[in-house]
A.B. asks: 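Dumping the structure here so I can ask a few things about it.
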Amino acid sequence: MRKNIVAGNWKMNNDLKATKTLVKQIKKSLKKTKLKNTRVIIAPTFTNLPSAVKRCKKSKIEVAAQNMHQATSGAFTGEISAEMLKSVGVKTVILGHSERRAYFGETDALLAEKVNAALAHKLEVIFCFGEELADRKANKEEAVVESQIKNALFHLEADAFKKIVLAYEPVWAIGTGETASPEQAQDMHAFIRKTLADKYGNGVADSVSILYGGSVKPANASEIFGKPDVDGGLIGGAALKAEDFHAIITAF
Ligand code: 13P
């Protein structure tokens, strides 16, 4: 059975002190919570990963990075490699976030390289993609999502999908307060699963967790997570408050 996942993408928020505080609050909130088939992941900034990993040991929380460089090492000033992430105990990396695509020019081709590098170093990948508002207005959302997935992932062998989580994040719903309706999320997630099934078969398609991201809040989480092809969420703003994050985790 595929896992439910609630992952908090902290983006460029929280210094070291705030990271320690928020980790402590989330740990406390989960102490008496029974997690049924659900993984909880947080993704703090690079500088705070070692502290978060240390504090989340022997807890229900896993720690992910928000990005990484595709090369193993070398003259890439300011970048962080898969090996460096592993060396501080990180096991998962978010790749392809729309903010990376929009502000840092990350293309499908580059993301394919990053995915390869992450998998080669046995990191799990949370792979993000999603259409822009103009795409949806032009009824092109499925074509856009299909090409993002195909271009960055469909060179992989079926086995690789054991280490891949998909995160559908429509750009128009990120940080805008505007959420995809549960039906819109379900329709797209079903389409994504069918796209996977057409290429790799039902076994792979049914085993991959597909998360929804974009203005998920305590008030809308259970309706969205209640849809059959939605296996959880990638949460931005609401992951920065322990109370809200906990309410989303327990929304299944
Ligand atoms: P918000 O939840 O703030 O809309 O952000 C979603 C997101 O980008 C998660 O990666």
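Note that ligands are numbered from 1 as they come in the structure, with each ligand's atoms numbered from 1 the same way. Treat the numbers as computed from the prediction; the structure is a model and nothing was measured.
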A.B. asks: Quick check: Y212 with F225 (ring centres under 6.0 Å apart)?
C.D. replies: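 Centroid distance F225-Y212: not below 6.0 Å, so no.
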
A.B. asks: Parallel, tilted or perpendicular, judged at 30° and 60°: which one describes the rings of F161 and Y200?
C.D. replies: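 Aromatic pair F161/Y200 classed tilted.
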
A.B. asks: Hydrogens and angles aside, do N4 and K36 bring a side-chain donor and acceptor to less than 3.5 Å of each other?
C.D. replies: no

A.B. asks: Within the 3.5 Å criterion, strictly below it, is a donor on S209 or D231 matched to an acceptor on the partner's side chain?
C.D. replies: no

A.B. asks: Please tabulate, one pair per line, all N/O donor-acceptor pairs under 3.5 Å involving side-chain atoms of residues 138-147, not counting sequence neighbours.
C.D. replies:
unit_1: E146; atom_1: OE2; unit_2: K150; atom_2: NZ; d: 2.8
unit_1: S147; atom_1: OG; unit_2: V144; atom_2: O; d: 3.1

A.B. asks: Starting from the C-alpha separation in whole Å, work towards a yes-or-no answer on side-chain hydrogen bond (donor to acceptor under 3.5 Å, both in side chains) for N48 and K20.
C.D. replies: CA-CA 9 Å; N48 299 325; K20 288 178 183 172; over 6 Å; no

A.B. asks: Just list the N/O pairs, ligand 1 to protein, that are under 3.5 Å apart, with the distance for each.
C.D. replies:
unit_1: ligand 1; atom_1: 2 (O); unit_2: S215; atom_2: N; d: 3.4
unit_1: ligand 1; atom_1: 2 (O); unit_2: G236; atom_2: N; d: 2.9
unit_1: ligand 1; atom_1: 3 (O); unit_2: G237; atom_2: N; d: 2.8
unit_1: ligand 1; atom_1: 4 (O); unit_2: G175; atom_2: N; d: 2.6
unit_1: ligand 1; atom_1: 4 (O); unit_2: S215; atom_2: N; d: 2.8
unit_1: ligand 1; atom_1: 5 (O); unit_2: K11; atom_2: NZ; d: 3.3
unit_1: ligand 1; atom_1: 8 (O); unit_2: K11; atom_2: NZ; d: 2.7
unit_1: ligand 1; atom_1: 8 (O); unit_2: H97; atom_2: NE2; d: 2.8
unit_1: ligand 1; atom_1: 10 (O); unit_2: N9; atom_2: ND2; d: 3.0
unit_1: ligand 1; atom_1: 10 (O); unit_2: H97; atom_2: NE2; d: 2.9
unit_1: ligand 1; atom_1: 10 (O); unit_2: E169; atom_2: OE1; d: 3.2
unit_1: ligand 1; atom_1: 10 (O); unit_2: E169; atom_2: OE2; d: 2.9

